[in-house]
Structures are given as C-alpha cells and as structure tokens.
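Notes to accompany the following structure.
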Amino acid sequence: MKKLTTALAGSLVALAASVSASSADKLTLYCSAQEDWCQLMARSFEDATGIDVNMTRKSSGETFAQIRAEASNPKGDVWWGGTGDPHLQAAEEGLTMEYVSPMREQLHDWAISQAESAGNRTIGIYSGALGYGYNTELLASNNLPEPSCWKDLLKPEFKGHVQMANPNSSGTAYTTLASMVQIFGEDEGFEFMKGLHKNINQYTKSGSAPIKAAGRGENTIGIVFMHDAVAQAVAGFPIKVVAPCEGTGYEIGSMSIIEGARNLDEAKAFYDWALSVDAQNLALQVNAFQVPSNMGASTSESAPDMSLIKLIDYDFRKYGSSDERKRLLQKWDEDVSTLPQ
Amino acid sequence: MRVASDTKTTHPVLIFWIAAGWVGFFLLPWYMVEDGLWSFRWLFDGYPFDEDYAPAAFLVGQGEKLWLAPLILPLVLPLIVVRRVKSDPLFARILIVAGALGFGWLIAQGFGIGIRGFNYDWLRALFGDLGDRQFGMGYGAMLCATSFLFLLTQGIAARGAINGDVFVVGAIGGIITIVTAFVFFPIAKMLFAAFVTEDGAYSIAVFFSKFFDDRLWGLGCLAGGRCGAAWNSLFLAIAVGFITTVLGLAFALVVTRSGFRYKRALRALTVLPIITPPFVIGLALILLFGLSGTVTQFVADLLGTQPTRWLYGLPGVLIAQTLAFTPIAFLVLIGVVEGVSPSMEEAAQTLRANKWDTFRTVSLPLMRPGLANAFLLGFIESMADFGNPLVLGGNFDVLSTEIFFAIVGAQYDQGRAAVLAMVLLFFTLSAFFLQRAWLGKKSYTTVTGKGDAGVHPLMPTGLSVPVLVVALGWALFTVIVYAMIIYGSVVELWGVDNSLTFKHYVTAFSLRIEEEGIRWTGAAWDSFWTTIMIAAIAAPLTAAVGLVTAYLLTRQSFAGKSAFEFGTMLSFAIPGTVIGVSYILAFNVPPIEITGTGVILVVSFIFRNMPVGVRAGIASMSQLDRSLDESSLTLGANSWQTFRRVILPLLRPAILAALVYSFVRAMTAISAVIFLVSAEYDMATSYIIGRVENNDYGLAIAYSTTLIFVMLAAVGLLQVLVGRVRIGRRTHHATEKTG
C-alpha cells in the first residue's frame, strides 16, 4: 500500500511537471481516411511542428453529422480526408471556413476546382477514379472473357459474378450511379443499371466490400474505386484492376477548416502542411493508392496511372447536392432494385 | 427485529451520505474535468479557484454559476434530524424533502442550462439571456446527486416503506435512477428522432411513411423475391432461439446426466464461441463453405458441379449465430439442469415412474424457466447480432445492420434508424411477454432449506443416444471451425499464400525489453490494454447491478414492481446498435457529457450486459426457497446481511455466469462499441474491424486468437476466485459408483 502511494505521488509530481513544461499549442483533427493513415498524419505533423494533435477518426458521414451537431460550439479544428461530397455540403451550410492556402499553386487543377466550387471552403487532397477489379483465377476457372468496359459487365455470362455496394448505404456506389448517369445520359444510364442488376450477386453495405470479396475468391468482379482494388492486388490477392474504356467518374478526397475553430493558427498550419509534398508522400507508407493533389508528390508505382484513365467531367456540384442525390436514389430504388434478378 | 434500530439516535449510514454530499459540493470539482476521469492535473492547475476545476461552493462564492446556490439548503437540512429517532415523523419528512429538493434541482438546472445558456426558449423568455453556460457534471455533481438520492430513499424507508428497510429502498432507488439515466433517457431521446421531419419539426406522418416501408415489411420472398428486414430478423431469431436452446439442453444433459467420459473437454468447448471476437467465426465459415471454401470446392469436385455462393444469406448467418449463441443457452441451462432437485426425481421413481416418464413429467417441466430464458436469450442475441449478418448476410437484410447503415451510410437517416429500432424493440419485448406467459405463475422451487441428498438419475437411453450424437456432432464442428481460425492466424495471407509464419503475432504483440523497462512496440497493445481495463472495471459492476436487481425482483414486493421489472427488461431487449446510437445522442451534451471517454464504454457495457446477471440471478433465485431468507430474518439479520450471507453464497453459479459473461462481452462486443470508441479509448474489436476493413485478415485473426486465449485464462481465474459451486447435496456420478 505504501509503495502504491509513493508511486502515485511520484506520478502526480511528474504529471504536474509535464503540465508546466508542455506548451499550449494543440490541434483537434477530425480524420475520415483509413485509421493508419490518420495516425501517421497526426504523428508526423506533431513531429514536424511540435503541435499536439488530438485526432478522432470517423467516416466522412459521421464526421459531417458531428460537425453539424457541434456547429454552435465547435470542438474540432480541421477535417481531413474523406470523400468530397460531405465536405461540399458542409461548405454549403457554412460549417467550414474560407481559407486560401499559400500552397495552392503546387496543386493539380482538379484540387483547386474543388475549392472554387465551394467558395474556397474546402480543397482537394487526393483523388481516386472509379473502376472495377476482377479475380483472375475465378475468371479463368469459369472460362469468362476479360472485361475492359462498363458495358462488358452486362454480358449474360457474368450473371452472378458481379458485386457492387448499395447506393443507399455507400458513397462509392452512389458515385457509380451518378457516373453512369453522366457517362450514358440519364435514361441509358438507368438502362445500364437495370442490366447490371441482372448480373449482381449481392449489393454489399460497404463501398469496398465487393473487391475484398473478390480478393478472397468469394466473388469475381467488384465495382469499386480503383485504389481499393490496387490495395488488394498489392496485398497479394489475384486481382486485376480495370479502368473502363467508356471513361469513368472519380472522387476528390477533401480537407476543410471548421468554422469557429478554437485553434485557428494551428489549423492553418496543418492545412498548409497537409498540402505539402512531404505530407502527401506519407500515403505511400500506408498503402493508400489515391493520387495526391500536390503535383510534386510521388505516386506509388502500383497506383492507377491517372493520365491513362479517361475521366469524365464529373459535376460535383450537381450530383453532390442532396436534392439530386435523393432523386437518383429514389429512382434507383423504384426502377432498379425491385426488378427480379 | 427492527426495534433496536428504531431507538438508535446515531445513524452511520445517514451521516455518511450527508458527508458525501458536503464533500461533493465543497471539495471536488463540480464540472467534468476535461483531461479524463483518472487525471489529477486539476489538483495543481488553479484548484480550487479556477473556474474549470472549482468545487460548487467556490464557484458560488466567487459569484459564478449562481444557480447552484440553492443546493446548499438541502445539504444543510438533514443535519436537523441527525440526533432524532427514526420513528419521529419529522425524520422521514425532512429527509424526503431534502433529498427530493436537492435531486430535483440538480436535474432541473442540468437540463435547463447547457453549453449555450438556457436550453429552452421559454426559460429564455422568462429570464432573459443567461450570458453564461455550463458543461457536463463532474465528480462533485455526481457525488452530490448520489447523496441526495440516498437521503431521499432513507426518508422513504423511515416512513415505513418495505418494512423500513434502508438497504432495499436504497437499492430500488439506486437501480431505478441509473436505469432511467442510462436506459430510458437515451432510448427516449433516440426514439423521438422517428417523429422528426427533415426541417426539425415533429410529425406523426413521418413515422408512418418510414414505418410502412416495403424494405421493412415486404413479403416478396414468398413469391421468390426478397422479404423485408423485419420478417427476416424475426424468422432468423426464432430459428436461432429454438436451435440454440435444443443444442444447449443437449450439452447440459450430456454434462450433468450421462456417463460420457470427456465432460470437461465438452464443457470447455462450449465456452469457446462465447469468447470469440465477432467476424472471426464468419471468416472461418467463409474459408470452409464460401465460394472458394475448402468444403465447397471439395464437394463441387466430388459431384462435378459449379461451386455456389449458398453460404451468403440466411444459411450462413444461421450457422454462425448458432455457433456463437449455443454456449449462452448452455450456460443458462446448466445451472437449471443441475438445480433440479434429485429428491423430486427420486420421488417419481419411487412412485414407479420409469426413467423416461420421470424425465418427461418431472425433470423437463422443472427446467422450464431455464428453457424459456435460454430461448429468449438466443432470440434477442440473434436480433441484436451485428457482426455475423455483416459478413455473411449477402442480400438477406436484417434489422440490426439496417439500423447501422441508416445512420452511418450515405443516407444518414436517423429517423429511419429510430423506426427500425422500434420494430426491433417491439419484437424483443413481445418475446419477453410470451415467455412470461408461458412460464405462468407456477413454482419451480427445488432448493429448500430442508435436507436434500441424492444424485441426478441418468437420462433414459432412448434420449441419451440422440442427445449425445447431436452434442458430439456439434462439438466436432466447433473444433473444426476453431482449428481453421488458429490456422488462419499463422499463414501468410489467408486463402492465397499458405506458407506458415508468425509475423502477424509479431506485428501485433511485439515488445522490447530496454533499460527503462518493457517497450510495447506491437500495434495492438494500446487497444489491448484499454480493452482489458474497461472489461475488468465493467464486469464486477455489471454482476453487482444485475444480481441486486434479481434479488429485488424475486425477493421483495413493492409498489410499481412490475414497472420496475419492465425497466430492467427494456435494457434487456435493446440491441447494441440502438444503445450505441442513443448514447451518442444523449451523452454528447450536458448534464451527462461522457462521449469520447472510457466511462461511456464502461456504462454501456454495464447496461448492455446486466440483464444476463438479472436472468441468471432470477433463474437461480427462483430455485431457492424463501424459507431460507425468512429463517435468516427471524434470527435477527437484516436484509443486507441476509443477502450477503445467505443468498449470495448460494448464488455462486449465477455470480460466476454474470462475471464471466460481462467480462467476455466487454471484450468481444462490437455493435454498441463501434459508435462509442474514440482515439484515446479504442477497443480490441473495433481495432480488429479496422484491420479486416484494411485486408489485414492475418493480423485480425492473430489478434482474435490472442484474445481468445486471454479470455480463457480470465475465465479460469474467475472460476477460481469465485469458487466452485457446492450446493450441499451435490456429488458426482463418479462418486456414486464408488460409493
């Protein structure tokens, strides 16, 4: 017991000392990328600047909800990562703050146009194109032809071999739906979804689940973001990544400063740092195969080469708005998901 | 017997709670200390004058937070009665007034004034803008609230409620308060969301439009299409409840009433699935029966057919849930099967009933409370299960996953989640009432204070053969599944590269011994220690709350008992996903502001798992004859002593069940946890899910395997600590043979 009390007293003294020694610089980071990437970003920023980072990782939907709930008493400073739609929505609702970073001229055009479409309240930090991946072994054992276009997936021999997420629950699948509408036009796009529906073996809940199932040999073709498919291939699964010939849509992972941030200077420091080459190169360490927004940042050799992918001019403003989203989802629910398979 | 205490004029319990209230108000920081419950930084950082750390008295003294000042009155008031006798009417009256006033005012100010000043427009209209705000309650406020509560219950007891029994009234008051705060309040807050339109107004129409949704109640599966999530969940839960009860009973009979030689191994085996983190069974089943699974491929080659995805959907979820929940049924049934008094069975046999008749007409009916409880647990576990449908569900939608994705998915529809949660609650509550109706008011008492010796008869042969076959077959299946899991943790990349390696264990649990001590370099250590700590804190609290509740329900009668039972039962019927969401909604703002802390995890575990303690306690206590308590009371013990000295020792099986269950569940739960973890307090299961999401199956399974062994050790330790159950007459069949 005596030992315990001395130990306790000792640690209290140490605590008190550390309190007086530590500076007041701190930053509350809301992170919506994968866990290890978030951790790495937080720790590296601490190392680079000495500012303490208190990081919370949640999905972009959850984070958006949290920022909205805390609007009158913001607790977070910066929101880093996650797909662009909720960032745009937050900008629309004035939950995030206008900021023009001095790092801007180093960025790709798509990152800047993301900022401009939101009145500079957000900015692109990485992007990833939509596509699909297939399990080469399963394809061979079922004697299936190698698909290379979106329309290839409609072939009757792929019946029961294709998986995608449910657009109602997954942002990835909604991007797919919106991309098809933009590539083929609304009517033909929905005809495509109906044809695809016949070949789908399961609408998964989470966006990247189809390609994981393909990796394990539980599914042949998964419609996902290409960087997710690449991650499977790099992990050793027999996955081949396809950039569809008709062109494809993409997401822009974004970053925003929260309106009313308590540590505004630190938030700006993080914002600028996160756009730097050094910070964006960290993605390579955690097998994140998205394309970084800084032109000088290096892209993994395994990452899909964006210059070879035919990207459509994705209208983030229109298809990110909640009215259009609701309309498309409802149409999909009524016209597509109810059809027999 | 209480004459002695009536004339006493010193009341140690009363003085204790008065002092506690004073400490809470004058010494401890009133508001939540931001650095965490165990941080004592506040002691050196401006205490007691700094506004963030000051006790209420110092705040008021400095002219801050003046709405706390009225609390001084109920703190002083009880001092009047300290020297009075209990029978004095003033004694009761003053305590009731002080307790109710203090507690009521605490709650009123807590909800009335929040982080933005007044929380309600009418308050603002009445008093103008407050120009001040307050954060969540801290040590001081909590202690004060507790003190007021127990002053109130002592006052009520002094007025003669429950024969003036201070312990019982206090226990009832305490349980009602915490169940209200941590079950009713969050659930009510969540369910309100079902009636909120998109612009924040309230409307019944919204509820109906979401309720009569085809995705919920569609009956397409009868015509070859897909059914709604509600029907799927209901059908699945009934099937799982039934199958797990039958299997659990088979195991319990083999262990207690057969000459089977490897009972211990069988018993250990049935514990395995309960200590397995979620996802793992699902992944193992995929490896065995999935499209590329070993068994599927083998059968396809054998029959020359194409392998199919038959596992995904109802079959897979059913198998996984049966694997996972049979042990729960077993744990409930083993106590009851052991508890059936051999005297009854001997009496039947003396009356010339044969073994089969004895079993059918005496033993089985006496096991009815156990069977009903086992079915109910299986039903509810299945309803609430989240991990297995997520991995194996395919297009078979169930309520629990639908709720989750209604909230975190792209639709972000809290109202829909609330409606789904209501449907789920309706199912589980209905099951509960049906169970009660089936049990009826019959007595299942078999353990009386009277001499009761003998051993259980063996099962009739006609029964023992099929029971043994079923139990052993299932046991074999379990062994295969677990062998796959261990195998999966030592291969390079599961299903692709099968070379053996220990690298996953090294990544997760490596450590370096340096001069300053051990450096925990593995990736899993943080979440591992957090999990152990939270589980170790939650388990005893859960068992205590559960057993006290069971005691009150079976042994005491008081006004509003059925409402009280409904309250504890409600927490029983709520699935984890609902708890998780509702806790976020309720505890993200003052007066109880605990999201992002370890406290919210502990609290959620207590109220999520307490029902098992209650069920186990009720099942065991309904077998203990009341004459045992009565003789203790007649001999002058009070109800607390009776509870501690007589009932508790006889309840060891129930205590063990509650402790083991809550410890293990705290380590393996996922559905509520996934909403409640934070960067600082990450739990093992959410870490594992993160790994699974990140393709690190090897690491996920290696971590899970380690957790399984840790829990095995912990369960063994608990068994030793609580002590083996020894209810007088019990002797094993082995000794019967020798004797």
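When heavy atoms are compared at a cutoff of 4.5 Å, Asn201(A) approaches chain B by way of both its backbone and its side chain. Both the backbone and the side chain of Asn219(A) come within contact range of chain B, with heavy atoms under 4.5 Å apart. Heavy-atom distances place no part of Tyr687(B) under 4.5 Å from chain A, backbone and side chain included.
Two rings, from His87(A) and Phe316(A), have their centers 6.0 Å or more apart.
Using a 4.0 Å cut-off between charged nitrogen and carboxylate oxygen, Arg416(B) and Glu402(B) count as a salt-bridge pair.
A side-chain donor-acceptor contact under 3.5 Å links His504(B) to the backbone of Val491(B). With Asn142(A) contributing its side chain and Leu138(A) its backbone, the two residues share a donor-acceptor pair below 3.5 Å.
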